[in-house]
Amino acid sequence: MSAARTEQGLRELLLGHIRDVPDYPKPGVVFKDIAPLLADAPAFAALTDAFAELCEHYAVDKVMGLEARGFILGAPVAVRAGRGFVPVRKAGKLPGETLSQAYDLEYGSAEIEIQADALAAGDRVLVIDDVLATGGTAEASLELIRRAGAEVAGVAVLMELGFLAGRQRLERSLAGAPLHALITV
Ligand SMILES: O=P(O)(O)OC[C@H]1O[C@H](OP(=O)(O)OP(=O)(O)O)[C@H](O)[C@@H]1O
Ligand SMILES: Nc1ncnc2[nH]cnc12
């Protein structure tokens, strides 16, 4: 993080640009909408910089973004950090041989995939997403990294929904790798 911005200052900047949308996409879910943050250049740049610093700190080879919001955040981080980007897509969207993993969501279930040759053996991979909720998506992505013969460098999310206990769910799959959340609610 740049010396000019404290961790608390960064948190406040980011939190001030995330909107709560009650009962979306299902009754009872409070959706964390990052659109205002994406539309604000200083806030988006501060987020990108904070994640890019993690790439240096953890000697990351590849940035992995989880469809769809993880693409929006992960791709500029990869460019900023000078690393390659690997998209994790919902099933059925990637050509060629793929590795697939099914998982449960806060509001449904899904299956994600990477291309079988997306990662080289030993690549250190940082997973980036907007929200960690139940941890199902992140857990499935860690499984894909290991099945591809690569290493988990860590998981970085903008916002962790602490009450859904994703961190606890991920503990075993992280196997000591860090989980960074810029904001926890
Ligand atoms: O921790 P979990 O319970 O797995 O939930 C977190 C995931 O849910 C959301 O994605 P979603 O599948 O809604 O897709 P989207 O980004 O395409 O809207 C979010 O962007 C994370 O990827
Ligand atoms: N409450 C929520 N807001 C935004 N994205 C989510 N992904 C899973 N739960 C979510």
Side-chain angles (χ1 to χ4, degrees), residues 11 13-40 43-44 47-48 50-51 54 62-78 85-94 98-115 118-119 125-148 152-175 177-185:
R11 261 198 300 274
L13 175 70
L14 299 174
L15 200 49
H17 290 85
I18 297 171
R19 181 165 53 196
D20 279 0
V21 183
D23 298 321
Y24 181 87
K26 287 186 176 171
V29 174
V30 178
F31 187 81
K32 300 292 180 182
D33 182 14
I34 64 167
L37 194 162
L38 302 176
D40 184 90
F44 196 4
L47 169 60
T48 304
F51 280 161
L54 296 178
K62 293 270 168 53
V63 173
M64 174 175 266
L66 309 184
E67 183 173 356
R69 285 167 269 153
F71 292 175
I72 303 171
L73 304 190
V77 170
F85 179 76
V86 175
V88 174
R89 299 219 60 179
K90 305 273 164 64
K93 302 279 186 178
L94 290 168
T98 56
L99 300 176
S100 309
Q101 192 72 35
Y103 63 103
D104 293 323
L105 275 171
E106 186 186 2
Y107 39 72
S109 66
E111 189 174 352
I112 54 173
E113 291 184 340
I114 57 172
Q115 286 177 309
L119 296 172
V125 183
L126 178 67
V127 175
I128 290 190
D129 208 350
D130 62 335
V131 171
L132 179 76
T134 66
T137 315
E139 185 179 46
S141 71
L142 299 184
E143 190 64 29
L144 288 175
I145 292 169
R146 296 226 166 79
R147 283 172 56 200
V152 175
V155 175
V157 296
L158 167 59
M159 177 172 277
E160 175 181 353
L161 307 183
F163 57 95
L164 290 173
R167 181 174 289 269
Q168 287 77 355
R169 177 171 177 173
L170 278 188
E171 200 174 319
R172 208 163 64 100
S173 320
L174 280 166
L179 165 60
H180 281 274
L182 298 178
I183 300 167
T184 301
V185 294

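Start at 1 and go down the list; that is how both ligands and their atoms are numbered. Residue indices begin at 1 and follow the sequence shown. Since the structure is predicted, the reported quantities are computational estimates derived from the model, not experimental observations.
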Enquirer: For ligand 2, which atoms sit closer than 4.0 Å to a heavy atom of Arg69?
Expert: 4 (C), 5 (N)
Enquirer: If you measure every N/O of Val30 against every N/O of ligand 2, is any gap under 3.5 Å?
Expert: yes
Enquirer: Quick one: does ligand 2 sit under 4.0 Å from the side chain of Leu161, the backbone, both or neither, non-hydrogen atoms only?
Expert: side chain
Enquirer: Looking only at heavy atoms, is any part of Asp129 under 4.0 Å from ligand 1, and if so is it the side chain, the backbone, or both, or is it neither?
Expert: side chain
Enquirer: Listed by chain and number, what are the ring-ring contact (aromatic ring centres under 6.0 Å, His included) partners of His17, not counting sequence neighbours?
Expert: none
Enquirer: Which atoms of ligand 1 are found less than 4.0 Å from any heavy atom of Gly136?
Expert: 1 (O), 2 (P), 4 (O)
Enquirer: Any atoms of ligand 1 less than 4.0 Å from a non-hydrogen atom of Gly135? List them with their elements.
Expert: 1 (O), 2 (P), 3 (O)
Enquirer: As an exercise, identify every atom of ligand 1 less than 4.0 angstrom from a heavy atom of Glu67.
Expert: 14 (O), 16 (O), 17 (O)
Enquirer: Any nitrogen or oxygen of Lys32, main chain or side chain, under 3.5 Å from a nitrogen or oxygen of ligand 2?
Expert: yes
Enquirer: Does the side chain of Leu170 come within less than 4.5 Å of Leu132's, by heavy atoms?
Expert: yes
Enquirer: Could you list the atoms of ligand 2 found under 4.0 angstrom from a heavy atom of Ala133?
Expert: 8 (C), 9 (N)
Enquirer: Using a 3.5 Å cut-off and no angle test, enumerate the donor-acceptor pairs between side-chain atoms of residues 155-162 and protein atoms at least two apart in sequence or in another chain.
Expert:
unit_1, atom_1, unit_2, atom_2, d
Glu160, OE1, Arg167, NE, 3.3
Glu160, OE1, Arg167, NH2, 2.9
Glu160, OE2, Arg167, NE, 3.1

Enquirer: Please determine if Leu66 has a nitrogen or oxygen closer than 3.5 Å to a nitrogen or oxygen of ligand 1.
Expert: no
Enquirer: How does Asp130 reach ligand 1, if at all, at less than 4.0 Å between non-hydrogen atoms: by side chain, backbone, both, or neither?
Expert: side chain
Enquirer: Spell out, as yes or no, whether a donor-acceptor pair under 3.5 Å connects the side chain of Arg169 to the backbone of Ala133.
Expert: no
